[in-house]
Amino acid sequence: MTKSSLSVVIAGIAFKNPVFTASGTFGYGNEFKNYTDLNKLGAIVVKGLSLAPRQGNPGPRIVETPCGMLNAVGLQNVGVDAFIKEKLPFLKKLKTHTIANIFGETISDYVEVARRLDFAGGVAALEINISCPNVKKGGIVFGTDPNEAHKVVSAVRAATKLPIITKLSPNATDIKVMVRAVEDAGSDAVSLINTITGMVIDIAKRRPALATKTGGLSGPAIRPIAVRMVYEAATVAKTPIIGMGGIMNAQDALQFIMAGAAAVQVGTASFVDPDAAVKVVGGIEDYVTRNKTSVRGLIGAARG
Amino acid sequence: MKVQTAKILYNKEAAPGYFRIGLSWKKPAIKAGQFVMLRVDTGGDYPLRLDPLLRRPLGVYRSIGAGVELLYQVVGKGTRILSEKTAGEFLSLLGPLGNGFPAPPKGKKVILVAGGMGIASLFMFAARLKGATLLFGARAKAETAVADDFKRLGLKIKISTQDGSVGKKGLVTELLKDEITDDSVVYACGPAGMLKAVSRICHSGGVTCRVSLERAMACGIGVCLGCAVKTNPHAGRSDNRVYQMICSDGPVFDAGDIDWDAF
C-alpha cells in the first residue's frame, strides 16, 4: 500500500486522495476541526462565496425527504473578503487543498470574486457554481443555458490563472452539452451533480414546507441519477470529472469513480456524520489494497 | 468530540406515546440546556438505515449514573422507530451541542415556563435553582408525566392543560400573567406560539426572558444552516448576521433578540 495508489491529478493539482467535501456541507472547514481529521481529506471545497456577504433565505430552510433532504439556504455566506481575512488563514495551515466555490448574480460578480481569491493566494482551485437552484437571480440561468455557462466560465478564465472546476446542474436538459460548453470556455474540470430541484408540501398547513417553496434535493435519494449523469458526462468530457450526489460511504464513492469520475465529493453525509468523508477515504484505501489496484486504475472501470 | 455509539439502557413509555430513554455515556460534561443529535440507527462507523436520514435534535433531560436520559414523544417516523428500540440496542449520538442556559442573575425570582416536550430542556437547569417556580403547560395529562421529577427538586409547580385533564384548564401563558412580577427572570422552552406569547408578556413587563428554540436541523454543528432564526438588528454580533443558527448560536437566546414576527 503506497500513498500513490490513492492520489489523483486534476487540473494540474496533485491530490493525495480523491475525496473532497462538497460545497455548502462543510462550512469553511474550521467547523469540523473537532470532529474529523481535516488533513486526511483530498480537498476541502468551501461554502459558496459571493462578492458581498449574503444573509440567505428565511426559514424553514430544510425539510427531510425519503433518504434525503431538501435545502433552500439561499447561499448564505460571509462574502469573499471576510473569507480571505477570517477563514482562509486556518485553511492555509492544513495539509490539504482548499477549493473555493464561487458564485455571482452577474458575470462581473464572478470575475471579481475570482480575482480577489487569485490575489489572496492559498486557494488551489476555483469551483464555479453555475447551478444553485435556490437563488432567484444568476445561478440557475448560467447552469441550464450552455451559452450563458460559456460566457461566465470564459470571463472567469480570463480573470484568473487558478484552475477552474465548473459545477454543473442536473437540471440542465443535456449534461453533455453543458460539459462541452464549459470545457470550450476553458474549464479545467467539471463537478456534478448539484442538487435536484424538489418540493415537499406540508399537508397540515396546505403550503410548501420550505419558505422558498422549492429547494435542492440531496442525499442517497439522488445517487443513481448522479451516477448516471457522471457516466453520461464521461462519454464526452475531455477534462476530469468530480462526481457527487448522495455518497454515504466508500462503496458509493467507488460507483462514481467507476462511472468515470477522477474524484468525488461527500456532501449531505457530513451532516449525518461529520467524519463521513474521512471514512470514505479509509474505505477506498481498503478497496484498492484488497484488489491490488489504484484509484487511477479504477476511473471509468465500469465503462464498456 | 466525535459521533459515539450509545447503548440503550432503558426505553420506557412513561405515558401513552411519551417515552424516557436512558443512554450509556461515560462522563458526559453537559451544560443545562444543551442538546444531542440522535440517529435511529445501530451506531457503528457507517449508517445502515438511510431513511430517516437525518439525526434528530433532542434536549438532554438529565444525567443518570451511567449516562443520560432523554424524553421524546412519538410524532413521526423517526420517533416511532425510536420507540420500538429496546434495552441493549445501540443508537448513534453526537453531542453535547449548543450553548445552554446562562445562570440567573442574583436576587431575581426565577420562573421556568415549559410547553409540552419543552420540559425536557429545563430539568438540568431547574436542578441548579433554589426557590424557582415551574409553569408547565400541556395539551393533556399524558404530557405532564415528568412533573413529579420537578416536584422532587423542590420547585413550586403550576400546571395547565388545554383539555383541563390536570391543573388549570387553558394556556400556560395565563399562569405566567398571574406569576410574573417586576423582579422576575423567565426561562422558556416550548412550541413557537407559546414562546411568542411568553416573550410578549415578558417584554411588556420589562422582564428578562431566555428562550430555548427548536427547528429542523440536519447537522447540529452550524454547517447546514438549516435552523436559521431571524434576529433583530440590535442582536447582530460583530458580523451583523440577520440569521443566527439555533444549533451553534443557541439553542438558548435572549427573547428580545428574536424577530418573533418571522419565527
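No hydrogens, no waters, no symmetry mates; every other heavy atom, side chains included, goes into these values. Note on naming: letters A, B, ... go to the chains in the order of the sequence lines (proteins, then strands), and numbering restarts at 1 for each one.
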Interface moiety of A:Ser270 toward chain B, non-hydrogen atoms closer than 4.5 Å: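 A:Ser270 has no heavy atom closer than 4.5 Å to chain B.
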Which answer fits A:Tyr28, side chain, backbone, both or neither, if we ask what part of it has an atom under 4.5 Å from a heavy atom of chain B?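 Neither part, no heavy atoms under 4.5 Å.
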Chain B: which of [options] shares the most heavy-atom pairs with it under 4.5 Å?
| options | value |
| --- | --- |
| A:Ala211, A:Gly24, A:Pro66, A:Ala221 | A:Pro66 |
| A:Glu31, A:Met248, A:Glu86, A:Gln76 | A:Gln76 |
| A:Ala276, A:Gly283, A:Pro274, A:Pro60 | A:Pro274 |

Applying the side-chain hydrogen bond (donor to acceptor under 3.5 Å, both in side chains) test to B:Ser92, which of B:Arg55, B:Arg39, B:Gln4 qualifies?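 Testing each of B:Arg55, B:Arg39, B:Gln4 against B:Ser92, the sole residue satisfying side-chain hydrogen bond (donor to acceptor under 3.5 Å, both in side chains) is B:Arg55.
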Under 4.0 Å between a Lys/Arg side-chain N and an Asp/Glu carboxylate O for [X] and [Y]?
| X | Y | value |
| --- | --- | --- |
| A:Glu285 | A:Arg290 | no |
| B:Lys77 | B:Asp51 | yes |
| A:Asp273 | A:Lys279 | yes |

Highest number of heavy-atom pairs under 4.5 Å with chain A: which of B:Pro52, B:Gly220, B:Gly226, B:Ala262?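 Heavy-atom pair counts peak at B:Gly226.
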Which one of B:Cys224, B:Cys227, B:Ala216 has the most heavy-atom pairs closer than 4.5 Å to chain A?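 If we count pairs closer than 4.5 Å to chain A, B:Cys224 comes out on top.
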Identified side chain to side chain contact (heavy atoms under 4.5 Å, CB included) counterpart of B:Leu94 within the set B:Val36, B:Val3, B:Leu38: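 Exactly one pass, corresponding to B:Val3.
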Which bit of B:Ala218 is near chain A, if near means a heavy-atom gap under 4.5 Å: side chain, backbone, both or neither?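 For B:Ala218, the contact with chain A is made by backbone and side chain together.
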Could you list all the ring pair (Phe, Tyr, Trp, His ring centres under 6.0 Å) pairs where at least one residue sits in residues 66-85 of chain B, not counting sequence neighbours?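 Checked against ring pair (Phe, Tyr, Trp, His ring centres under 6.0 Å) - neighbours excluded - the pairs reaching residues 66-85 of chain B are B:Phe19-B:Tyr72.
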